[in-house]
Amino acid sequence: MASVPSLASSVNQRVADALASALPEAGGADPLLRRSDRADFQANGILALAKKAKANPRELATTVVEGIPTGDLIQEIEVSGPGFLNITITDKAIIETLAARALDDRLGVPLAQNPGTTVIDYAQPNVAKEMHVGHLRSAVIGAAMVEILEFTGQKVVRRHHIGDWGTQFGMLIQYLLEHPHELDHKSDEVSGEEAMSNLNRLYKASRALFDSDEEFKTRARARVVDLQAGEPETLQLWQRFVDESKIYFYSVFNKLDMDIQDPDVVGESGYNDMLVETCKLLEESGVAVRSNGALCVFFDDVKGPDGNPTPLIVQKSDGGFGYAATDLSAIRDRVGNLDATELIYVVDARQSLHFKMVFETARRAGWLSDEVKAVQLAFGTVLGKDGKPFKTREGETVRLVDLLDEAVDRATAVVREKAAKVGLTEAEIVENGQYVGIGAVKYADLSTSAARDYKFDLDQMVSLNGDTSVYLQYAYARIKSILRNAGERKPAAHPELELAPAERALGLHLDQFGELIAEAAAEHAPHKLAAYLYQLSSLFTTFYDQCPVVKPEPELVVGENRLFLCDLTARTLSKGMSLLGIRTPEKL
């Protein structure tokens with residue numbers, strides 16, 4: 001089905017046409033339409049246009065109004081103040097537009113025109129290391145952006161740039177070579193916990209030996225050289241660490257209800273063969289220069305505390321490659337081989353300077369351009385209730401698995417309290433506890449602007465009150481219960497009816513879904529979708545309180561129309577929540 005124009009876009013076009021007729025030189029001008037407390041919409045663009053044309057704004061506004069037909073779409077339009085237009089939509093237009101949306105699986109949301117290819121770099125754990133709370137935001141924000149962009153019609157390539165290379169692997173591989181059974185499994189079915197336990201044990205043992213035994217330290221450093229040279233046995237042992245780590249990673253992502261596929265995992269090692277050429281291209285083009293033996297890129301606006309320029313070091317003076325060489329090679333690969341038109345890096349805000357320098361270097365080299373852009377979707381820190389970086393009582397970094405398990409436990413207890421009232425089985429209690437717990441963690445993250453820090457407060461996250469995923473999930477489950485209890489009555493749109501204020505408010509908000517999705521996609525702002533869904537749930541609560549749907553039973557057509565609004569609200573909530581990676585149980 002074709003996309004459904006929103007009421008706002010239809011009204012905007014009417015006003016723009018009338019404006020072009022009244023002031024021909026303003027053809028194509030934006031009427032600056034927005035939602036308003038004084039009417040359904042307000043158009044503010046006439047003031048600036050009148051000033052530019054040296055016309056009286058109120059007189060121009062009056063002429064524009066005279067050229068706008070009313071009755072079908074627009075019920076009433078009035079000039080306010082110095083030249084604002086207050087516009088009220090007909091009830092008929094609201095229901096007819098919503099009815100058209102309801103006929104479409106996509107709820108009338110348009111696909112992007114001329115979509116490109118976006119590569120999203122997110123969820124980047126490190127091989128042989130445990131995932132902690134610091135890994136949460138990249139995974140959750142990145143996964144939501146993947147879903148939102150794909151829903152708009154964008155081709156999305158996922159990339160998990162895992163930390164799978166570096167000098168620490170010399171120590172790990174040498175120890176495994178000398179203790180070959182450290183990564184053996186007890187059975188064919190390996191849990192993520194067992195895999196991580198093996199890796200933790202081996203890391204601690206190898207580190208202790210590295211720090212205490214000079215001969216082992218020498219052998220470990222020689223093993224780094226073997227690894228970088230691609231020596232077969234060394235690479236084979238390195239691969240064992242990667243494979244063991246993936247068992248663990250995937251178990252954590254599974255807890256997060258995220259789908260991670262092997263082809264999407266391309267770590268630092270995936271670009272090793274490109275590093276030499278990347279440096280050669282940068283040096284030959286003059287983008288990078290040698291400084292004290294290192295290959296560097298300098299920037300006029302990046303200086304250290306001493307006032308001297310701080311360069312991006314692409315290759316160290318000893319010939320080793322840093323993160324910059326890998327990141328620049330990844331850009332070359334993603335643009336040249338994956339045909340990316342946009343690169344999104346979901347990375348901690350503390351790495352902003354690094355990525356600013358990398359992106360500028362890539363632009364100077366011609367790998368990025370006006371047609372191919374790169375952006376860092378920078379995120380803030382997860383804080384504890386005390387407003388400080390989230391740590392355990394012992395001051396250790398919080399393990400991500402422990403955090404997720406506790407969220408599910410808390411949520412399951414909340415679900416269990418209400419289970420008897422809605423008739424949940426034990427299996428449903430357990431399943432819903434997972435959905436509510438993981439949803440609570442994701443929503444708390446996604447309802448905050450990515451750039452801001454946020455407090456991790458499980459008590460608040462699993463609350464039925466306030467801006468939480470549980471509130472949204474409960475609203476959805478309540479609507480499904482209403483629809484089940486409606487008996488023979490079925491949802492049906494009735495454009496001939498006069499709408500109550502709460503029905504109009506809900507209807508107008510439902511119609512904004514498509515525009516909101518486009519905005520969240522363009523601005524890389526999943527928090528705007530979360531805010532929209534919370535407001536939708538709040539408007540539904542008001543509607544349900546003020547407009548009887550099942551009891552007391554309203555007149556047939558009124559009841560059918562209200563059931564229609566219920567059904568479309570449920571579908572919009574479910575779709576919006578799924579784009580955030582959150583499940584919506586039918587009973588809660």
Side-chain angles (χ1 to χ4, degrees), residues 120-126 129-147 160-163 192 196 248-249 251-258 260 344-355 376-411 434-463 466-472 524-531 534 580-582:
I120 300 189
D121 189 324
Y122 70 107
Q124 312 104 341
N126 293 310
K129 291 186 179 178
E130 194 142 30
M131 292 177 71
H132 54 77
V133 67
H135 291 108
L136 178 65
R137 300 208 72 186
S138 178
V140 170
I141 295 168
M145 281 312 308
V146 166
E147 295 297 328
H160 306 294
H161 190 85
I162 63 172
M196 195 64 244
Y248 164 68
F249 295 158
S251 73
V252 178
F253 290 131
N254 189 51
K255 277 182 186 287
L256 269 170
D257 200 13
M258 282 174 50
I260 304 284
I344 300 175
Y345 291 77
V346 189
V347 183
D348 192 313
R350 288 170 292 190
Q351 295 188 46
S352 293
L353 178 59
H354 169 77
F355 279 100
Q376 181 191 0
L377 207 177
F379 56 82
T381 304
V382 181
L383 307 175
K385 289 183 183 180
D386 58 1
K388 298 176 181 177
F390 198 20
K391 303 279 187 182
T392 64
R393 289 177 181 173
E394 294 75 31
E396 300 291 324
T397 304
V398 178
R399 293 193 336 149
L400 185 52
V401 169
D402 292 343
L403 182 150
L404 297 177
D405 286 344
E406 185 179 356
V408 170
D409 288 345
R410 295 275 194 98
Q434 291 277 346
Y435 294 163
V436 172
I438 298 304
V441 171
K442 288 183 175 181
Y443 187 83
D445 192 312
L446 294 169
S447 60
T448 303
S449 171
R452 292 178 55 198
D453 300 341
Y454 80 95
K455 291 182 181 180
F456 195 94
D457 182 349
L458 271 178
D459 292 329
Q460 174 58 29
M461 288 179 187
V462 298
S463 171
D467 188 5
T468 67
S469 70
V470 193
Y471 176 69
L472 273 62
H524 310 135
H527 71 280
K528 292 197 169 184
L529 174 55
Y534 174 63
L580 297 179
I582 300 173

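Bear in mind the structure is a predicted one, so any value in this text is a computation, not a measurement.
Between A407 and V441, the shortest heavy-atom distance links the atoms CB-CG2, 3.5 Å. Between V346 and G142, the shortest heavy-atom distance links the atoms CG2-CA, 3.9 Å.
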### Derivation of the side-chain contact (heavy atoms from CB on, under 4.5 Å) call for L472 and Y534
CA-CA 7 Å; L472 273 62; Y534 174 63; 4.0 Å; yes

### Message
Under the criterion salt bridge (Lys or Arg N to Asp or Glu O under 4.0 Å), I'd like the reasoning laid out for D459 against K385: C-alpha separation, chi angles, the key distance, then a yes or no.
### Response
CA-CA 10 Å; D459 292 329; K385 289 183 183 180; 3.1 Å; yes

### side chain to side chain donor-acceptor pair (under 3.5 Å) assessment of D257 paired with Y435
CA-CA 9 Å; D257 200 13; Y435 294 163; over 6 Å; no

### Task
Take R350 and D348, measure what salt bridge (Lys or Arg N to Asp or Glu O under 4.0 Å) needs, and give me the verdict at the end.
CA-CA 5 Å; R350 288 170 292 190; D348 192 313; 2.6 Å; yes

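In this structure, T468 contributes its side chain and V462 its backbone to no donor-acceptor pair below 3.5 Å. Without hydrogens or angle criteria, Y443 side chain to A530 main chain gives a donor-acceptor distance under 3.5 Å. Looking at H527, its side chain never comes within 3.5 Å of a backbone N or O of A450 through a donor-acceptor pair. The backbone N or O of H132 lies less than 3.5 Å from a partner atom in the side chain of H135, making a donor-acceptor pair.
Judged purely by distance below 3.5 Å, without hydrogens or angles, the side chains of S352 and Q376 pair a donor atom with an acceptor atom.
Comment: D405 engages K255 in a salt bridge, judged by a side-chain N to carboxylate O separation of less than 4.0 angstrom.
Side chains of Y471 and D467 form no contact here, defined as non-hydrogen atoms less than 4.5 Å apart. Counting heavy atoms from C-beta outward, K442 and S469 have side chains that stay 4.5 Å or more apart. By the 4.5 Å heavy-atom criterion applied to side chains, Y345 and Q351 are not counted as neighbours. For the pair L580 and E147, the minimum side-chain heavy-atom distance is 4.5 Å or more. Contact annotation: the side chain of R137 approaches that of Y454 to within less than 4.5 Å [non-hydrogen atoms, C-beta and beyond]. Residues Y122 and V347 have side chains not in contact (no heavy-atom distance under 4.5 Å, counting atoms from C-beta outward). When side chains are defined from C-beta on, I162 does not count as touching N126, because their heavy atoms never get closer than 4.5 Å. Using a 4.5 Å cut-off on side-chain heavy atoms (C-beta onward), L256 and L136 make contact.
A distance of 10.5 Å separates CD1 of I260 from CG of N254, quoted to the nearest 0.5 Å. To the nearest 0.5 Å, atom CZ of residue F379 and atom OG1 of residue T448 are 13.5 Å apart. Here the CD1-CG distance, from I438 to L404, works out to 4.5 Å after rounding to the nearest 0.5 Å. Atom CG of residue D453 and atom OG1 of residue T381 lie 4.5 Å apart, to the nearest 0.5 angstrom. With values rounded to the nearest 0.5 angstrom, Q124 atom CD is found 8.0 Å from H161 atom NE2. The structure places OG1 of T397 at 13.5 Å from CE of M131, a figure rounded to the nearest 0.5 Å.
Classified by interplanar angle (parallel below 30°, tilted 30° to 60°, perpendicular above 60°), the ring pair F456/F390 is parallel.
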